[in-house]
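Below you'll find the structure, written out as structure tokens, and then a few comments.
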Amino acid sequence: MVFYECVVTTRNTANFAQLHNLVKTVSHKIVSSGGIVRSVQNHGIRDLPHRFKAKYADREGNRYYKKGRFFSIYYDSNPLTQKEVDGILKMDEQVLRNTHLKARNKLWYVNIAREDKNPYIQRVMEMEKSKTQSS
């Protein structure tokens with residue numbers, strides 16, 4: 001399984017029930033496909049870097065947004081589930097943009113199969129090399 005971070009930008013006019021339903025739908029899809037949802041973080045309403053255009057106008061007729069609500073979903077799943085989550089987010093009319101990133105943690109660097117790529121093994125090898133040279 002791969003550890004993903006999904007950053008979602010939604011309309012700032014979306015109400016809590018709509019966003020709650022969206023997060024529940026995505027989380028249910030991940031868990032039903034054998035994945036694990038690690039956390040959901042709300043980053044609040046922020047100014048957008050430029051004017052975002054929604055697919056459809058809302059009830060007031062607004063289609064362009066200068067502010068948006070940002071939140072992140074951290075989860076483990078296989079790549080097929082990630083594509084399905086992306087499809088769910090693209091179909092939702094409250095979502096302006098979404099981005100999937102492969103999140104990295106410290107365990108990402110623990111790789112005993114390739115010693116040349118592991119910084120911890122490199123450090124130990126340098127320490128042993130310095131000990132043998134000083135002896």
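Nothing here was measured: the structure is a model prediction, and the numbers come from that model.
The closest side-chain heavy-atom distance from L22 to V95 is below 4.5 Å. For the pair I36 and I30, the minimum side-chain heavy-atom distance is 4.5 Å or more.
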Solution key, residues 86-93 side-chain donor-acceptor pairs under 3.5 Å, sequence neighbours excluded:
| residue | atom | partner | partner atom | Å |
| --- | --- | --- | --- | --- |
| D86 | OD1 | N98 | ND2 | 2.7 |
| D92 | OD1 | Q94 | N | 2.8 |

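Neither V7 nor I73 shares a network with the other; the hydrophobic side chains, linked directly or stepwise wherever heavy atoms of I, L, V, M, F, W or Y lie under 4.5 Å apart, form separate groups for each. V37 is not connected to M1 by any chain of hydrophobic side-chain contacts under 4.5 Å among Ile, Leu, Val, Met, Phe, Trp and Tyr, and they are in different clusters. Note: the hydrophobic cluster containing L101 does not contain F3 (ILVMFWY, side chain heavy atoms under 4.5 Å, direct or indirect links).
With sequence neighbours excluded, the residues forming a side-chain hydrogen bond (donor to acceptor under 3.5 Å, both in side chains) with S72 are H43, listed by chain and number. Residues satisfying the side-chain hydrogen bond (donor to acceptor under 3.5 Å, both in side chains) test with D76, not counting sequence neighbours, are R38. Remark: N78 pairs with T81 by the side-chain hydrogen bond (donor to acceptor under 3.5 Å, both in side chains) rule, at least two apart or across chains. Under the side-chain contact (heavy atoms from CB on, under 4.5 Å) criterion, K67 pairs with N12, I45, D47, sequence neighbours left out. Residues satisfying the salt bridge (Lys or Arg N to Asp or Glu O under 4.0 Å) criterion with D58, sequence neighbours excluded, are absent altogether. Checked against side-chain hydrogen bond (donor to acceptor under 3.5 Å, both in side chains), Y4 has no partners two or more places apart in sequence or in another chain.
Here the NZ atom belonging to K55 is positioned 10.0 Å from the CG atom belonging to L96, to the nearest 0.5 angstrom. Note: M127 CE to Q122 CD = 13.5 Å, rounded to the nearest 0.5 Å. Residue C6 holds its SG atom at 3.5 Å from NE2 of H100, rounded to the nearest 0.5 Å.
For residues 54-74, there are no ring-ring contact (aromatic ring centres under 6.0 Å, His included) pairs, not counting sequence neighbours. Listed by first and then second residue, the side-chain hydrogen bond (donor to acceptor under 3.5 Å, both in side chains) pairs involving residues 16-37 are K29-E84 (not counting sequence neighbours). Under the salt bridge (Lys or Arg N to Asp or Glu O under 4.0 Å) criterion, no residue pair touches residues 3-22, with sequence neighbours excluded.
Scanning both residues, T9 and G68, for their nearest heavy atoms gives CG2-CA, 4.5 Å.
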After noting the C-alpha distance and the side-chain angles of T10 and R69, does the key distance pass the side-chain contact (heavy atoms from CB on, under 4.5 Å) rule?
CA-CA 5 Å; T10 62; R69 178 175 297 280; 3.4 Å; yes

